Asks: 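Before I ask anything, let me first share the structure, which is written out below as structure tokens.
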Amino acid sequence: MGEAIEFAMALGPAGEIIRLAGEEGEKRKPEVAVALRETLAPYSRADGVWAPSSTWFVTACNP
């Protein structure tokens, strides 16, 4: 689970919010890590964290 939290805080939406918040974001990193752990706990398995997700492919054409 630790790797999933590190990933979310480095590259995921949590990481972006922390970066945008600057010094305040850095101060709150431990709090964010706890919240992520609580949120991801129901999806944690022996082989990783498996949460539901979806992907959208959108195409368009301009005739």
Side-chain angles (χ1 to χ4, degrees):
M1 168 109 62
E3 288 180 7
I5 293 169
E6 287 178 26
F7 180 81
M9 291 181 65
L11 299 175
E16 183 65 13
I17 291 168
I18 289 168
R19 282 187 292 284
L20 290 173
E23 187 177 315
E24 185 65 25
E26 285 298 317
K27 286 193 309 189
R28 292 185 177 244
K29 269 185 168 181
E31 184 181 340
V32 173
V34 168
L36 284 168
R37 183 171 300 282
E38 291 172 359
T39 300
L40 296 175
Y43 306 107
S44 182
R45 302 184 337 191
D47 60 342
V49 177
W50 294 81
S53 65
S54 63
T55 301
W56 292 57
F57 289 98
V58 178
T59 60
C61 63
N62 186 3

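This is a predicted model, so every value here is computed, not measured. Any value given below was found using the heavy atoms of this structure, including those in side chains, with hydrogens, waters and symmetry copies removed.
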Asks: Counting neighbours of CG on D47 that are heavy atoms of other residues, nucleotides or ligands and sit closer than 6.0 Å, is the number greater than 12?
Replies: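 Check passes, neighbour count above 12.
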Asks: List in chain and number order the residues that pass side chain to side chain contact (heavy atoms under 4.5 Å, CB included) with K29, two or more places apart in sequence or in another chain; answer none if no residue qualifies.
Replies: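 Partners of K29 under the side chain to side chain contact (heavy atoms under 4.5 Å, CB included) test: M9, I18, E26.
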Asks: Flag yes if more than 12 heavy atoms outside E24 fall under 6.0 Å of its CD atom; otherwise flag no.
Replies: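 Yes - once you tally the heavy atoms of other residues, nucleotides and ligands closer than 6.0 Å, there are more than 12.
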Asks: Are the side chain of R37 and the backbone of G2 linked by a donor-acceptor contact shorter than 3.5 Å?
Replies: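 No; zero donor-acceptor contacts below 3.5 Å.
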Asks: Verify the cluster assignment for Y43 and M1: are they in a single hydrophobic cluster under the rule of side-chain heavy atoms below 4.5 Å apart?
Replies: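 Same hydrophobic cluster.
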Asks: Does R19 have more than 12 heavy atoms from other residues, nucleotides or ligands lying within 6.0 Å of its CZ?
Replies: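 Yes, CZ of R19 has more than 12 neighbouring heavy atoms, counting only those of other groups under 6.0 Å.
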Asks: Where is the tightest heavy-atom contact between L36 and A14, given as atom of each residue plus distance?
Replies: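 Scanning both residues completely, I find the closest heavy atoms to be CD1-CB, 4.2 Å.
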